Amino acid sequence: MHQLVPARDGFLFYVRFCVAAVFRRPFAASEERSQATMIRRVDAKERARDREQRILEFWEAHQVFQKSEEIRRGGPEFVFYEGPPTANGRPHSGHVLTRVMKDVYPRYKTMKGYHVERKAGWDTHGLPVEIEVEKKFGISGKKQIEKFGVERFIEACRESVFQYEAVWREMTAKLGYWVDLDHPYMTLSDDYIESVWYLLKTIYDQGYLYQGHRVSPYCPHCETTLSSHEVAQGYKDVKDLSVTAKFRVLAPPADVPTFFLAWTTTPWTLPSNVALAVHPELRYALIHAADRGERYWVADDRKAQFLQPGDEVVETKTGAELLGIAYEPLFPYVQVEGRKHIVVTSSHVTAESGTGIVHLAPAFGEEDYRVCKEHGVVYVNFVDLSGRFTPEVTDFAGRFVKDEETNVDIVKHLAARGLVYEKHKHEHAYPHCWRCDTPLIYYAIDSWFVRTTAVKDLMIANAKAVNWMPEHIRDGRFGNFLENMVDWNLSRSRYWGTPLPIWVCDQCGERACIGSKAELQSKAGRLPKELHKPYIDDITWRCACGGTMRRVPEVIDVWFDSGSMPFAQLHYPFENQEAFSRLFPADFISEAVDQTRGWFYSLLAISTLVTGKAPYKNVLVLGHVLDEQGKKMSKSKGNVIDPLEAIEMHGADALRFYFLSNTQPWNSQRFYHKAVAESKAKFIDLLQNVHAFYALYASLDGFAPSAHQLPPAKRSLMDRWLLARLHDLIRRVDTAMEAYDATTAARLLQDFVTDLSTWYVRRGRERYWASGMGDDKVAAFLTLYEALATVAKLAAPLVPFIAEDIYQNVVRSADPHAPISVHLCDFPQADPSLIDETLLAEMDLVIRAVEMGRYLRNEAKIKTRQPLSVLYLPKDQEAVLRKFEDVIQDELNVKRIEYVHLDAIAKPELYLNLRAVGQAYGKLVPVLNEAAKRATPEQIRAFLETGVVELEGCAIRADEGHAELRYHPKFAGVIQVTPRGFAGLCTELTPELIEEGYVREIISKMQMMRKEVNYNVTDRVVFSAQGDAEVMRILQDHYDEIAATVLIERLELEPMAGDLTKEWDVNGKRLTLSVRKGG
RNA sequence: GGGCCUAUAGCUCAGCCGGCUAGAGCGCACGACUGAUAAUCGUGAGGUCAGAGGUUCGAGUCCUCUUAGGCCCA
């Protein structure tokens, strides 16, 4: 570009020129304007971010996003659901990947004629929000929240939720993610909550909403349950007292005292023991302990731990055979009637630690709770919400269960009665509250559940019908999860969430589930200020029994909020019934793989419960974005890349293209600046370079594509090849995008742009600077125009900014009637008649011949600027190669090409690999080597055809690496032979060739000087030259040719003061050149 | 502890239904080109296809086990 700028006007002028061009030329072209505008020259070095900002302003000014939706109204619907992010944290790199994928397919479908609505959404409720607020006000735990004031707390949550919305908006916009952020759905709105209530009531009416217990990690100090994520933060290695307790069998087979042994690291759960669990298929051994005179049941696999010398195994049984055996309780506290203190079976028991027999206390373990429930064993809970024993535990009432002393005393109590087999301090990782450091306990609290297990089969069937990408999610991660489904624990004992709409009578226990505001109004006679706590909890009414209906205190799991979005984003069924029938189910959703048990599940569960159908048809599951070392990005490691910073540095197109082309999106992938920069250089910059090239010459010539008609049949082979390549590309990209495979589409585009730039344009450059406007030049311009215009459209969904830039400058400047944005265009359609497969294959042959030729020049160390006389190519490829003779000749700078048989130009020789032959035949090597040199043509042909030849009675084998054929040229030059062909290059230099080499050398030096001083390509100049007599003679003898190429007006032989003077080494001879502009 | 995924050149990735001597880009070294030029072209070095078994005429590819990493869940 720099040579375009007159040196004296300098860079600032150039910048002003560009800026003016940007704002006046293509974008000023309003819809009414019918005159074609001039194409704008492109600054290939423009910062990507500046270019993209320009495009963003253009989209904004012309409402392109809105129009892209409007113009497709009435077309087939492509339904996209936005999984709502939370705006109370900054977006990270993973969100970039998600947003790119969510953008690409809707853009593509829009261009294919589909109508796509893209409603943004915000996930606003949940514990993370509450924790942020707790931090802000320096409070912690439910007691302090109550003291702080629930109303004040809720208000603070509401404010905190949109804290980072502006950053999200900025990231979304700069990334080019088209989504309607002005009309988003928000889970905190009353409309949204009301829809969620409707769904809950629908579920309730089917009898699928029930109350039960749930065992959760629980902090007895904060009096709250913790999520698994919180638990994972607080593991610490601690030493706890562990005990192997003896449970006496009530009806021993002999009168020897017999016990089940069970090991626990939480002695405080033993007072609540109600059963023992064994694995039904495991073998258990009954050990007779000789010295104690007692017998113990333990898993057969564990018996070595318990056998003392002299002991013996008297019996073995399977776990199933032990089922139902009753034992004497360790403590007398469990008074409730029912099945208790018996052996039950469960497949979760293992023989990998302890005794292979597990003590069960249903309130303090999830498995314990489940197994007891399955076997109909009684439920007891002797620990209160503050972690202290209840009065039933008479010996330890009021004592904190996690105190070491309490546990020691419990063990002592047992030991005193002979019920301890063994005890020791056991070191293990135990979870602690990340807030207050209190050891957590697993603790059963009242919870509400959705009976998802009731529709398990339907959910599985629905999930199977979905197109999961990658496919293995369907039967793998997601399929397994559904197979092991448990009821959905819906309630949370928290504040900031959708209130569970269940009211219970404080007298008779009557229940009501409310499914709308109208229903609440009719029951209670009034509505709260809003549907959140604490306001909603003020709404009560009189029960038929005379008691008061009060709402249960819980809010619901935020996953139910987001899973409700197909309904609640439309405030269905209270509004938009028509829209809902149009926008359900989704054709396409995409989120990261961690949403398998999150959003993918909650959407499916709610939709299946309410409609019986799957809520989505195609799900693209994304992998995680990792740092350069393949580690998870986290603030503490300091390896986080801020997406906005990355966009600032490389531009959104580069980021988008990196994520699209790097790997299939479900693989986890690394993300770092260098990788993005590379992606930018290999595709975005290359494409922009081609654009700049076209713009430069099209503007110089005032080329107007619409003014010319030239059917492909009348264009050069090179043009027809590019068009074949282009239409083949259209077909492949379309197929890939249709299959949600943007990765393949991106790679195909990249390969095409590489070919376009490094072969078609590079090979055809001089066609564009030919004088006049002959047919060949028109063909070159038209073909490049069509390629750029088509690539812009094909690439528009992937890299929307540069695609728009090219479209505006190349297409819109030429055709004022074209749609105002590339994103309003139809996706290109391949013309099969242009896809000439033969031509594509032939060009491969040509490129291979050229590559061999370049290799030979390299081998011979003769620079390309030195013309050579002859290139030999295979006779059997003559028909093809002859068609491209000018291309090959020009690329390799040879005077002519001869098509010959290999025999005619080369002599094959058998060349022994002495090392291999030595290993095989030892000291015969010298003899064999002589024989090889004397090998007859028959012997050589035998080796060539069969891979083996006999020399002096020894088999010389190609597959053993004994020998290879080497070809010696029969002419003065070099040769390369490959299985697919050969090339020979005559390196003999005649005086004429040498002289011509000098001419090219001189021209090259002069062009370099023109460029160095930034002359315009069309400026005429004056050169002065002095130096070696031979060079000077050649310069003068070929003056006309040189002057025409370098645009020399006059040659001075005396030294001259010019803009630049340089001393050159021209093939070893001295030449001093000065240059100045002509007049 | 369970489930799922991944493992191919120094790095990032292709490699179809099992079938030529396992490829590309980047990086590195060397050379070329020079009217797109902070661009471009070529050559070279660099591989125990994570490891071990198995199926097969033939395995990077299919099966089993092991190892390492990632994710989800306990």
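Chain naming here is simple, since letters A, B, ... match the order of the sequence lines and numbering starts at 1 in each. In this text the structure is predicted, and so the values were computed from the model without any measurement.
When the C1' atom is compared between B/rA68 and B/rC33, the two are found 46 Å apart, to the nearest whole Å. B/rU8 and B/rG46 have their C1' atoms separated by 14 Å, with the value rounded to a whole Å. Taking atom P in both B/rC73 and B/rA50, the straight-line distance is 29 Å, to the nearest Å. Rounded to the nearest Å, the gap between the C1' atom of B/rA22 and that of B/rU61 is 11 Å. Look at the C1' atom in both B/rC20 and B/rG60: the space between them is 15 Å, to the nearest Å. Of the C1' atoms belonging to B/rA14 and B/rC49, the separation is 13 Å, rounded to the nearest Å. If you take atom P in B/rC13 and the same atom in B/rA29, they sit 24 Å apart, rounded to whole Å. Taking atom P on both B/rA38 and B/rG44, the two are 28 Å apart, rounded to the nearest angstrom.
Atom pair A/Tyr855:OH and B/rG44:C1' shows a separation of 10 Å (rounding to whole Å applied). One can place CG of A/Leu686 at 11 Å from P of B/rA39, the figure rounded to the nearest angstrom. Whole-Å rounding puts the A/Leu97 CG to B/rG70 P distance at 19 Å. If you take CD of A/Glu46 and P of B/rA38, they are 17 Å apart, rounded to a whole angstrom. Going from atom CD of A/Gln664 over to atom P of B/rC16 covers 13 Å, rounded to whole Å. The separation between A/Asp890 atom CG and B/rC41 atom C1' is 14 Å, rounded to whole Å. For A/Phe364 and B/rA74, the CZ to C1' distance is 20 Å, given to the nearest whole Å. Distance A/Phe600 CZ to B/rC72 C1': 13 Å, rounded to the nearest Å.
Against RNA chain B, the stretch residues 756-768 of chain A makes heavy-atom approaches under 4.0 Å through A/Ser757, A/Thr758, A/Val761, A/Arg762, A/Arg765.
With sequence neighbours left out, the side-chain hydrogen bond (donor to acceptor under 3.5 Å, both in side chains) criterion links A/Arg731 to A/Asp728. Looking at residues two or more places apart in sequence or on another chain, you find no side-chain hydrogen bond (donor to acceptor under 3.5 Å, both in side chains) involving A/Asp594. Remark: A/Asn667 engages A/Thr663 in a side-chain hydrogen bond (donor to acceptor under 3.5 Å, both in side chains) (not counting sequence neighbours). The ring-ring contact (aromatic ring centres under 6.0 Å, His included) test applied to A/Tyr855 returns no partner, not counting sequence neighbours.
Backbone-only contact: A/Glu851 has heavy atoms under 4.0 Å from sugar-phosphate atoms and none from a base.
Expressed to the nearest 0.5 Å, how far CG of A/Asp43 lies from CG of A/Asp50 amounts to 9.5 Å.
Here A/Tyr442 and A/Phe364 keep their ring centres 6.0 angstrom or further from each other. Ring centroids of A/Tyr768 and A/Tyr694 are separated by 6.0 Å or more, keeping the two rings apart.
Residue pairs satisfying the side-chain hydrogen bond (donor to acceptor under 3.5 Å, both in side chains) criterion with at least one member in residues 755-765 of chain A, sequence neighbours excluded, are listed as follows: A/Asp719-A/Tyr760, A/Arg725-A/Asp755, A/Arg762-A/Glu891, A/Arg763-A/Asp890, A/Arg763-A/Glu891.
For A/Ser1004, taking side-chain heavy atoms from C-beta onward, the closest of the listed nucleotides B/rC11, B/rG42, B/rU34 is B/rU34.
Side-chain contact check for A/Asn1067 versus A/Arg865: every heavy-atom pair is 4.5 Å or farther apart. Side chains of A/Asp805 and A/Gln688 form a contact here, defined as non-hydrogen atoms less than 4.5 Å apart. Two residues are said to be in side-chain contact when any heavy atoms from C-beta on lie closer than 4.5 Å; A/Val215 and A/Tyr443 fail this criterion. No side-chain heavy atom of A/Val974 sits under 4.5 Å from any side-chain heavy atom of A/Arg857. A 4.5 Å side-chain heavy-atom check between A/Leu788 and A/Phe693 finds every atom pair outside the cut-off.
Counting only Watson-Crick or G-U wobble pairs whose defining distances are both under 3.5 Å, the stems of 3 or more consecutive pairs in RNA chain B are B:1-7 with B:67-73, B:10-13 with B:23-26, B:28-32 with B:40-44, B:50-54 with B:62-66.
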Please list, for nucleotides 22-26 of chain B, all pairs of protein and nucleotide N/O atoms separated by less than 3.5 Å.
| unit_1 | atom_1 | unit_2 | atom_2 | d |
| --- | --- | --- | --- | --- |
| B/rC26 | OP1 | A/Lys682 | NZ | 2.9 |
| B/rC26 | O2' | A/Glu678 | OE1 | 3.0 |

Between the protein and nucleotides 28-32 of chain B, are there any N/O to N/O pairs under 3.5 Å, and if so, what are the atom names and distances?
| unit_1 | atom_1 | unit_2 | atom_2 | d |
| --- | --- | --- | --- | --- |
| B/rG31 | O2' | A/Asn858 | OD1 | 3.4 |
| B/rA32 | O2' | A/Thr864 | OG1 | 3.1 |

Name the pairs: protein N/O against N/O of nucleotides 61-64 of chain B, kept only if under 3.5 Å.
none

Could you list, one pair per line, each protein nitrogen or oxygen that sits under 3.5 Å from a nitrogen or oxygen of nucleotides 4-10 of chain B, together with the distance?
| unit_1 | atom_1 | unit_2 | atom_2 | d |
| --- | --- | --- | --- | --- |
| B/rC4 | O2 | A/Arg477 | NH2 | 3.2 |

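Side chains of A/Asp475 and A/Trp468: a donor-acceptor N/O pair is absent below 3.5 angstrom, by distance only. Residues A/Thr864 and A/Asn893 bring no donor and acceptor atom of their side chains to less than 3.5 Å of each other.
Both A/Asn662 and A/Thr596 lie close to RNA chain B; mapped to their nearest nucleotides by heavy-atom distance, the more 5′-ward contact belongs to A/Asn662. Residue whose closest nucleotide on RNA chain B sits further toward the 5' end, between A/Val593 and A/Arg747: A/Arg747.
One finds a salt bridge joining A/Arg370 and A/Glu374 here, because a Lys/Arg side-chain nitrogen approaches an Asp/Glu carboxylate oxygen to under 4.0 Å. Between A/Glu1001 and A/Lys1005, at least one side-chain nitrogen of the basic residue sits less than 4.0 Å from a carboxylate oxygen of the acidic one, meeting the salt-bridge criterion. Comment: A/Arg1010 does not engage A/Asp1019 in a salt bridge, judged by the lack of any side-chain N to carboxylate O separation of less than 4.0 angstrom.
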For residues 477-484 of chain A, please give each side-chain donor-acceptor pair under 3.5 Å, one per line with the distance, not counting sequence neighbours.
| unit_1 | atom_1 | unit_2 | atom_2 | d |
| --- | --- | --- | --- | --- |
| A/Asn480 | ND2 | A/Gly476 | O | 3.2 |
| A/Asn484 | ND2 | A/Asn480 | O | 3.1 |

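The local environment of CZ in A/Arg732 is sparse, with at most 12 non-hydrogen atoms from other residues, nucleotides or ligands closer than 6.0 Å.
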